[in-house]
Structure formats: C-alpha cells, structure tokens
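See below for the structure under consideration.
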Amino acid sequence: MSECARIAELVDRLGRMAHGLQYTSGLNPAQWEALRFIARANRYSRSPGAIARYLGTTRGTVSQTLIALEAKGYIRRLRCDSDRRALTVDLTDTGRALIENDPLCLVLQAADALDCEAQSRLADGLDGLVRAVQTAKGMPEFGPCLDCVHFCPRDEDAGSCHCALTDEPIPAGETVKICVEFQSAAPA
C-alpha cells in the first residue's frame, strides 16, 4: 500500500470513529457539527446558509438540524436587525455548556499526547489535505480572520482590527473565529 493510500485509509477510519463518537447526549453527528460551527463562527457566519456551506449540505437539511437543536434548547434563531428576512443563530447557555463536553474531546486528547512537532506536522498536513479537497470540489474555504486576505491588523481610528471586505472593525474576540467570507492569505 502506498503512503498516499495509507493516508486516505487512515483519514477515513478516523472520520468513521469520530462520527461514531458523536451519537451521544441525545444528538447525532450533524447536530454536533452544527453546534461546533456556531460556537466557532463569527457574527457574519452564524446563519443557516453559512452553516450549510460549511457542512457541505443543503439549507433544508441544516434547517431540520437547527429546528431539532432549538427544540432541545441548545440554540436560538433570531431575525437579523438589518434584514428581517435573514436569521442568525446563537448558542444558548445550555448549548455552551453542552459544547464543553464535545465528544470529539477524545480525539483532542489523543492529539495532545503527540509531541509538539508531530502535532504541528499533522495539523499542517491535514490542513493541506482539506484545502486540496475543497479546491478540487469547488467548496468554499472557512478560516479565522487572522489568516484571511481581508484582515487588516489594526485600524488606529477604531482601535481594533478591520475587515477590508465588510469595511467594519473586527472586535478582538472575533479575530480567531471562522468566517464564511474567508479567503486564505497563505499560499495554496
């Protein structure tokens, strides 16, 4: 077996294990993935459409997932002030507490057992794989403001970072959150 075939097999196997771990706390993997995204997304990206793009699924599927999460008390869907037709999604306190017990913590603990150099190589390699598959399938990129071409480190007048795309300041806590409008500043 070639190293590339071995990598593909291991990624698939780890994915299946991670998928299986997420049938817990009365949720399924799609619901956990949506909760994780909502917890990590910036204010522009917590919409049903952005969640669908990130998860690579349809808006209808995401809508059903959000209905289930809202019924369980983990999220709330709110109309946007600027466009009453648009929805934004936020975690409730119960949802934030649940995400603290994310079943993927088992994978995190396994990665934490690796030395720092192995963690860095693995993260860089997996990032490269994700980007390559996204590019090949025409899927959108997602990532944090800090790594985006639109990120301007400091807007002296506003005293914060700035997004060149939206022409708005980025609050300090949002710079590490993932964005639906992300475009990688790193070479592909």
Side-chain angles (χ1 to χ4, degrees), residues 1-46 50-51 53-57 69 74 91 93-154 160-161 163 170-188:
M1 173 184 296
S2 73
E3 284 299 304
C4 292
R6 185 171 164 234
I7 289 167
E9 183 178 294
L10 289 170
V11 166
D12 179 58
R13 188 161 179 220
L14 182 58
R16 289 176 187 277
M17 285 189 275
H19 189 82
L21 291 171
Q22 296 176 83
Y23 287 98
T24 186
S25 302
L27 300 180
N28 63 44
Q31 293 166 341
W32 276 107
E33 290 168 1
L35 283 176
R36 257 184 236 106
F37 177 82
I38 295 164
R40 293 190 56 221
N42 67 15
R43 66 181 180 237
Y44 301 110
S45 304
R46 290 189 305 263
I51 296 167
R53 284 177 57 194
Y54 183 79
L55 298 179
T57 190
L69 290 172
Y74 298 130
L91 292 178
D93 290 340
T94 305
R96 276 188 281 288
L98 182 67
I99 207 76
E100 293 296 320
N101 296 308
D102 187 337
L104 288 190
C105 284
L106 184 61
V107 177
L108 185 140
Q109 292 165 355
D112 192 46
L114 300 172
D115 65 64
C116 290
E117 186 179 327
Q119 288 176 12
S120 182
R121 283 193 322 267
L122 183 57
D124 289 346
L126 290 172
D127 187 55
L129 282 174
V130 168
R131 284 178 193 236
V133 171
Q134 285 174 324
T135 300
K137 298 300 277 178
M139 299 169 73
E141 292 185 275
F142 281 79
C145 292
L146 286 170
D147 298 333
C148 182
V149 297
H150 304 299
F151 180 73
C152 299
R154 283 274 169 221
S160 67
C161 302
C163 177
I170 305 169
E174 293 262 315
T175 62
V176 295
K177 295 203 172 212
I178 55 178
C179 183
V180 67
E181 300 296 344
F182 176 84
Q183 290 180 7
S184 178

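Since this is a predicted model, take the numbers as computed values, not measurements.
Checked against side-chain hydrogen bond (donor to acceptor under 3.5 Å, both in side chains), Glu100 has no partners two or more places apart in sequence or in another chain. Considering only residues two or more places apart in sequence or on other chains, Arg40 meets the salt bridge (charged side-chain N to carboxylate O under 4.0 Å, His left out) condition with none of them. With sequence neighbours left out, Glu3 forms a salt bridge (charged side-chain N to carboxylate O under 4.0 Å, His left out) with Arg6.
Scanning both residues, Cys161 and Pro153, for their nearest heavy atoms gives SG-O, 2.8 Å. Nearest approach of Arg96 to Ile99, heavy atoms of both residues: O-CG2, 3.2 Å. Closest of all the heavy-atom pairs between Gln134 and Phe142 is NE2-N, 4.4 Å. In plain terms, the two heavy atoms of Leu21 and Pro103 that are nearest each other are O-CB, 3.4 Å.
Atom CZ of Phe151 is separated from atom CD of Gln183 by 15.5 Å, given to the nearest 0.5 angstrom. To the nearest 0.5 Å, the span separating CG on Asp127 from CG on Asp124 amounts to 7.0 Å.
Using a cutoff of 4.0 Å between basic side-chain nitrogens and carboxylate oxygens, Arg121 and Glu117 are scored as salt-bridged.
Summarising the local packing, CD of Gln119 is surrounded by more than 12 heavy atoms from other residues, nucleotides or ligands at distances under 6.0 Å.
For residues 106-115, the set of pairs meeting the side-chain hydrogen bond (donor to acceptor under 3.5 Å, both in side chains) definition, not counting sequence neighbours, is empty.
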For residues 26-37, please give each side-chain donor-acceptor pair under 3.5 Å, one per line with the distance, not counting sequence neighbours.
from, atom 1, to, atom 2, distance (Å)
Asn28, OD1, Ala30, N, 3.0
Asn28, OD1, Gln31, N, 2.9
Gln31, OE1, Asn28, N, 3.0
Trp32, NE1, Gln22, O, 3.3
Trp32, NE1, Thr24, O, 3.4
Arg36, NE, Asp102, OD1, 3.4
Arg36, NE, Asp102, OD2, 2.6
Arg36, NH1, Gln22, OE1, 3.1
Arg36, NH2, Gln22, OE1, 2.8
Arg36, NH2, Asp102, OD1, 2.9

Which donor-acceptor pairs under 3.5 Å do side chains of residues 170-181 form with protein atoms, sequence neighbours excluded?
from, atom 1, to, atom 2, distance (Å)
Glu174, OE1, Arg43, N, 3.0
Thr175, OG1, Ala172, O, 3.0

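Of the possible polar contacts, none joining the Arg46 side chain to the Ile38 backbone as a donor-acceptor pair under 3.5 Å is found. Thr135 places a side-chain N or O within donor-acceptor distance of the main-chain N or O of Arg131, the cut-off being under 3.5 Å.
Contact check for Ser25 versus Asn101: no side-chain heavy atoms found under the 4.5 Å cut-off. The side-chain heavy atoms of Arg16 and Asp12, taken from C-beta on, include a pair separated by under 4.5 Å.
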